[in-house]
Amino acid sequence: MPTYRPANESTIIGRFSSPEGMPLVLDQPDGPGRALLSVAKVAGGCSKGPVLDTAADIVYDERTGRVRDHKPINPSGFWTEHQITAWVREAEADLIRHLGVHDSPPCLADVEQWWRELIDGTLTRQQVHELVARWVEFASGEIDGPQARSGLAHLHSFAMRYANQDKGITTYGGTGPLVHSDTEVAETYKQWHALHAPPTTSTSPNTSTN
């Protein structure tokens with residue numbers, strides 16, 4: 001975990017407001033590969049003064065600008081995991097601008113890879129959700145082709161949990177039972193792959209003789 005210290009103007013990557021209107025600061029104190037998403041002190045409705053509380057330690061892929069993981073740093077316990085996750089999605093756009101990279105929408109190969117890594121345990125459901133949420137929720141029109149779009153929608157749904165005991169309400173985040181079991185994740189992949197995977201070409205050996 002990075003050492004806590006207030007952000008300063010030389011390290012600030014971006015400033016924006018959370019969905020709740022709370023001013024946030026994204027800064028980069030530890031060099032390439034990670035950043036801190038911090039809640040800024042509110043004064044007169046704008047972001048002024050030292051950082052009040054740190055919301056998340058973000059680890060990202062510097063080549064693509066995509067967030068790979070984030071760890072809430074929540075000493076006061078005031079911020080929920082759902083709030084922090086939403087803020088990380090906003091911070092991702094600032095990281096992309098700061099790094100000066102072109103972040104293209106996930107392609108069919110990305111969907112295949114992330115789904116297989118989810119099944120074999122290389123990626124967690126939360127990590128997969130972080131990879132696909134921005135595209136499914138805010139930029140689905142940029143995804144090239146119905147195959148990739150449907151796959152991303154499936155991956156997005158695998159993070160859903162039941163929010164109450166009678167399983168009448170679902171949510172993202174929390175500690176309730178998962179809506180989709182590991183078996184369902186694997187079976188859905190087989191069905192999707194059979195429908196949407198690019199066809200493979202095979203050549204038969206030439207057995208003709210002169």
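One-based numbering along the sequence shown. Quick note: numbers below take in every heavy atom, side chains included, and nothing from hydrogens, waters or symmetry partners. Everything numeric here is computed off the predicted structure, so don't read it as measured data.
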Student: Tell me, do Tyr162 and Leu178 make a side-chain contact under 4.5 Å, heavy atoms counted?
Tutor: no
Student: Do the ring centers of His156 and Trp135 come within less than 6.0 Å of each other?
Tutor: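 Ring centres of Trp135 and His156 not closer than 6.0 Å.
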Student: Less than 4.5 Å apart, side chain to side chain, heavy atoms only: is that true for His180 and Ser157?
Tutor: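 His180 reaches Ser157 side chain to side chain.
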Student: Could you give the distance from CD (Gln113) to CG (Leu123), rounded to the nearest 0.5 Å?
Tutor: 8.0 Å
Student: Over all heavy atoms of both residues, which pair between Pro72 and Ile84 is shortest? Give the atoms and the distance, please.
Tutor: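 Minimum heavy-atom contact is CB-CD1, 3.7 Å.
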Student: Among Leu36, Val88, Leu37, find the residue that satisfies the side-chain contact (heavy atoms from CB on, under 4.5 Å) test when tested with Leu26.
Tutor: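 Among Leu36, Val88, Leu37, the one that satisfies the side-chain contact (heavy atoms from CB on, under 4.5 Å) with Leu26 is Leu37.
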Student: Between the side chain of Arg161 and the main-chain N/O of Pro177, is any donor-acceptor distance below 3.5 Å?
Tutor: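 No.
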Student: Just so I know, are the side chains of Leu152 and Pro106 near enough to count as touching, which here means a heavy-atom distance under 4.5 Å?
Tutor: yes
Student: How long is the straight-line distance from NE2 of His129 back to OG1 of Thr124, given to the nearest 0.5 Å?
Tutor: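 Here the interatomic distance stands at 11.0 Å.
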Student: Any heavy-atom pair between the side chains of Trp115 and Thr188 that's under 4.5 Å?
Tutor: yes
Student: Parallel, tilted or perpendicular for His154 and Phe158, by the 30°/60° rule?
Tutor: parallel
Student: Step by step, work out the side-chain hydrogen bond (donor to acceptor under 3.5 Å, both in side chains) result for Glu187 and Gln191.
Tutor: CA-CA 6 Å; Glu187 287 300 319; Gln191 296 167 10; 4.9 Å; no
Student: Within the 4.5 Å heavy-atom criterion, are Glu112 and Trp192 side-chain neighbours or not?
Tutor: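 Yes. Closest side-chain heavy atoms under 4.5 Å.
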Student: With a 4.5 Å heavy-atom cut-off, do Ile119 and Val185 have their side chains touching?
Tutor: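 Side chain of Ile119 against side chain of Val185, heavy atoms only: contact under 4.5 Å found.
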Student: First locate atom CD1 of Ile58, then atom CH2 of Trp87, and finally report the distance between them rounded to the nearest 0.5 Å.
Tutor: 11.5 Å
Student: Got a second to check how far Ser150's OG is from Leu195's CG, nearest 0.5 Å?
Tutor: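 Going from OG on Ser150 over to CG on Leu195, the span is 8.5 Å.
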